[in-house]
Amino acid sequence: MKKLLLILLVTVMVMGTFVGCGKNDATDGAVDSDRGGSVDIGIILPTKEEPRWVQDEARFREALKGTDHRVEILFSQGDSAREKQNVETLIAKGIKVLIITPHDGAAAAAAVKAAKEEGITVISYDRLVTGTDAVDYYITFNSVSVGEAQGQFLVDQLSGGTGENLYLFAGAATDNNAFLFFEGAWNVLQPKIADGTFVVMNSPKAVEFKNKAVLTRDEMGEIIEQITTDWKPEVAKSRAESHITAAPPSGKTFVLAPNDGTARAIFDQFNKEAGIEIFITGQDAEIPSIQYIIDGKQSMTVLKDVRDLVAGAIGTAVDVLEGNKVETNATYNNGVIDVKAKDIQVITVTKDNVKEKIIESGYYDASEFTGL
Ligand code: BGC
């Protein structure tokens with residue numbers, strides 16, 4: 001019996017080694033190209049440390065199942081030097097298309113330039129590489145509309161009072177998206193800050209600029225510096241802690257949190273305060289945040305359907321490889337050129353529509369959650 005079990009175990013292990021070695025297996029390092037083959041499409045994602053990008057990898061794998069093109073996915077682990085190495089590795093493997101989400105938009109310029117010089121088509125994926133003409137296409141969600149959805153949600157929770165506490169938080173200043181999200185939120189929140197409905201509790205710069213409907217990039221940068229989370233939950237936590245100490249919340253408390261990972265960290269800090277009612281935003285529809293929404297903790301998220309983004313990126317890559325015309329519907333300026341873009345729409349998710357938008361739409365399986 002023991003022997004039988006052992007044979008079974010060994011068989012499963014051996015099979016496990018080979019499963020996923022097919023020509024379209026996309027992992028960080030282990031594809032057939034490692035055994036001497038070449039790669040057509042290289043994909044570089046910023047970090048495995050956030051569910052957002054792990055999901056992108058999974059959705060890429062799913063979408064790539066039926067293609068004949070060879071693909072490899074690498075992660076940069078929040079490190080621009082590693083990202084550059086990843087680009088070099090993929091260049092050496094003969095890629096013709098590079099799909100890249102930069103860790104730091106400006107720092108990635110040199111890496112994509114190296115790819116471009118080899119005749120590789122460069123697709124910025126979700127985050128724009130800035131300060132270079134070496135980007136061919138940008139596949140993105142409409143990030144200004146993400147910020148607007150967050151701002152609108154907070155405005156919709158107002159019930160006629162004035163002087164409502166508003167705490168602002170933002171993403172990493174190295175990510176162009178952090179500016180677009182903030183710009184969108186400011187579009188909606190600023191009139192309500194200017195007329196005294198909201199009082200910004202944690203950013204003197206936001207208070208200083210409260211009468212400006214449109215902020216320059218530098219002005220946004222000055223605000224973001226005071227409220228950045230660097231996209232890290234631990235930074236969000238300590239910032240929330242110190243902002244709460246400096247300006248304690250009371251009663252209805254409105255919080256602009258830039259994404260789900262930071263929203264959960266910020267919520268947990270505010271939730272330690274007695275007698276307050278928290279309204280807090282997010283984005284990405286990460287599984288733990290969907291649970292927070294079901295549990296009445298996080299108030300909303302913005303669903304950015306990664307399946308659409310992946311389909312847009314692969315569609316573009318395949319069009320390039322097959323010499324077809326690439327369809328775009330927008331342009332984004334990266335400081336040097338207007339990059340042709342595919343701009344994808346987003347959906348607001350709250351406790352009221354979570355079942356419909358997340359479960360019934362097939363985005364996640366109900367078994368991932370409790371209390372639905
Ligand atoms: C992405 C967000 C993500 C954030 C942190 C942004 O560029 O658009 O979806 O939450 O980076 O990784």
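Counting starts at 1 for both ligands and their atoms, in listed order. Every heavy atom of this structure was used, including side-chain atoms; hydrogens, water molecules and symmetry mates were not.
A 4.5 Å side-chain heavy-atom check between I280 and F270 finds every atom pair outside the cut-off.
When heavy-atom distances to ligand 1 are checked against a 4.0 Å cut-off, D126 comes that close only through its side chain, counted from C-beta outward. Neither the backbone nor the side chain of F141 comes within 4.0 Å of ligand 1, counting heavy atoms alone. Looking at F181 against ligand 1, only its side chain comes within 4.0 Å, counting heavy atoms.
Applying the 4.0 Å criterion to heavy atoms of K304 picks out, from ligand 1, the atoms 1 (C), 2 (C), 8 (O), 9 (O). Contact atoms of ligand 1 toward D175: 6 (C), 7 (O), 11 (O) (distance under 4.0 Å to a heavy atom of the residue). Taking every non-hydrogen atom of W53 and a distance limit under 4.0 Å, the qualifying atoms of ligand 1 come out as 1 (C), 11 (O), 12 (O).
In summary, R264 and E286 engage in a salt bridge, as defined by a charged side-chain N under 4.0 Å from a carboxylate O. In summary, K237 and E234 do not engage in a salt bridge, as defined by a charged side-chain N under 4.0 Å from a carboxylate O.
Atom NZ of K342 has more than 12 neighbouring heavy atoms from other residues, nucleotides or ligands inside a 6.0 Å radius. Within a 6.0 Å sphere centred on NZ of K355, other residues, nucleotides and ligands contribute 12 heavy atoms or fewer.
The aromatic rings of F181 and W231 stand perpendicular to each other, their planes meeting at an angle above 60°, with 30° marking the opposite boundary.
Among protein heavy atoms, atom 5 (C) of ligand 1 sits closest to E50 OE1, 3.2 Å. If you check which protein heavy atom lies closest to atom 10 (O) of ligand 1, you get D284 OD2, 2.6 Å. The protein heavy-atom contact nearest to atom 4 (C) of ligand 1 is W231 CE2, 3.5 Å. Of all protein heavy atoms, the one closest to atom 11 (O) of ligand 1 is R127 NH2, 2.9 Å.
Cation-pi geometry between R59 and Y363 is met: under 6.0 angstrom from the ring centre, within 45 degrees of the axis.
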